[in-house]
Structures are given as structure tokens and as C-alpha cells.
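The structure appears right after this line, and notes come after that.
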Amino acid sequence: MSIINNFDHSLSPPNNSNHDSDNRLCYYRNRCNRLQQIIIDGTLKKEKLIFPGEQLLFWAHPQDQLTVKIFQFDQVLVDSIVCAHLLVH
């Protein structure tokens, strides 16, 4: 499982002046058989390539957007998910 948390690979919330206590732990999994690029667009913009079946934990505000780009032959499919739908309970 991959973790995006600025330059820290722990599961503790990011400790950065640009972040506040509204950050929540979120989970995403690449369920398709294609490489995906994900972009977490919020207070800080984070990007990562994830492989089929790869799971990802990251900190984000519930109102942040996760944009998923799926690379398929000669086209790129794009979808957006509100991070509130990805919260770990």
C-alpha cells in the first residue's frame, strides 16, 4: 500500500503550516487493469502514478478533489471524486 503525505511516509497527519485539523485519512484503490495517474487537488497539489490493484492512503480535506486519469491506448479517460467519498472510518 502506498502512502502520500508530503515528505513523510508515516500514517500521522501532515505537520505543515499549510494544513489544518480538517485533514482526514482517505483511501483509493486502482480497480482497473490500466495504469492511472491520480491528482489530489486541494491545499497542496499531489500527483502519483498507481498500478492496477495498487492501494493508496493519503491525507486530504473532505472537499478536495481526487482526479483520476486512466491511460488507455491512444486516449486518456478522466474522472473526479470528492475526497469526502474516500474517507477512512
Side-chain angles (χ1 to χ4, degrees):
M1 180 173 303
S2 297
I3 300 169
I4 295 180
N5 188 12
N6 279 347
F7 304 101
D8 183 8
H9 293 290
S10 69
L11 286 179
S12 58
N15 187 13
N16 186 316
S17 61
N18 293 330
H19 289 80
D20 57 47
S21 62
D22 289 338
N23 278 322
R24 301 288 186 258
L25 187 61
C26 301
Y27 169 84
Y28 178 77
R29 179 179 176 199
N30 179 354
R31 297 182 188 274
C32 74
N33 62 355
R34 305 268 184 219
L35 182 67
Q36 295 180 347
Q37 177 186 23
I38 60 150
I39 302 164
I40 304 163
D41 203 3
T43 306
L44 293 176
K45 190 170 186 171
K46 306 169 196 172
E47 298 183 27
K48 180 169 176 57
L49 289 177
I50 57 174
F51 293 91
E54 188 172 352
Q55 302 171 71
L56 180 71
L57 288 172
F58 60 93
W59 292 94
H61 288 98
Q63 70 272 15
D64 289 351
Q65 289 284 123
L66 177 75
T67 302
V68 180
K69 295 182 180 182
I70 302 170
F71 300 95
Q72 187 169 318
F73 303 112
D74 60 347
Q75 59 184 342
V76 178
L77 307 174
V78 179
D79 192 15
S80 289
I81 305 167
V82 178
C83 290
H85 296 291
L86 304 171
L87 295 178
V88 173
H89 297 281

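Note that the numbering runs from 1 along the sequence shown for the chain.
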_ILVMFWY cluster, V88 and W59 together (side-chain gap under 4.5 Å)_ = yes
*Check I70 against C32 and note the closest heavy-atom contact, atom names and distance.*
CG2-SG, 4.2 Å
*Would you give the length of the straight line joining atom CZ of F71 to atom CG of L77, rounded to the nearest 0.5 angstrom?*
10.0 Å
*How many angstroms lie between atom CD of Q75 and atom NZ of K69, to the nearest 0.5 angstrom?*
14.0 Å
_Let's go through H61 and N23 carefully: what are the C-alpha distance in whole Å and the side-chain angles of both, what is the deciding distance for side-chain contact (heavy atoms from CB on, under 4.5 Å) to 0.1 Å, and is it a yes or a no?_
CA-CA 5 Å; H61 288 98; N23 278 322; 3.7 Å; yes
_Pairwise side-chain contact, E54 with K48, heavy-atom cut-off 4.5 Å (strictly under)_ = yes
*Quick one: list whatever passes side-chain hydrogen bond (donor to acceptor under 3.5 Å, both in side chains) with Q72, sequence neighbours left out.*
none
*asked:* Suppose clustering is done on Ile, Leu, Val, Met, Phe, Trp and Tyr with side-chain heavy atoms closer than 4.5 Å. Which residues sit in the same group as F73?
replied: none
*Side-chain touch L86/F58, heavy atoms, less than 4.5 angstrom*: yes
*Using a 4.5 Å cut-off on heavy atoms from C-beta on, say whether the side chain of L57 contacts that of L25.*
yes
*Does F51 CZ have over 12 foreign heavy atoms under 6.0 Å away?*
no
*Going by heavy atoms in the side chains, are C26 and C83 under 4.5 Å from each other?*
yes
*Who are the side-chain contact (heavy atoms from CB on, under 4.5 Å) partners of H85, not counting sequence neighbours?*
I81, V82
Give the table of side-chain donor-acceptor pairs shorter than 3.5 Å for residues 33-41, with sequence neighbours excluded, one pair per line with atom names and distance.
{"unit_1": "Q36", "atom_1": "OE1", "unit_2": "Y28", "atom_2": "OH", "d": "2.9"}
{"unit_1": "Q36", "atom_1": "NE2", "unit_2": "N30", "atom_2": "OD1", "d": "3.1"}
{"unit_1": "Q37", "atom_1": "NE2", "unit_2": "E47", "atom_2": "OE1", "d": "2.9"}

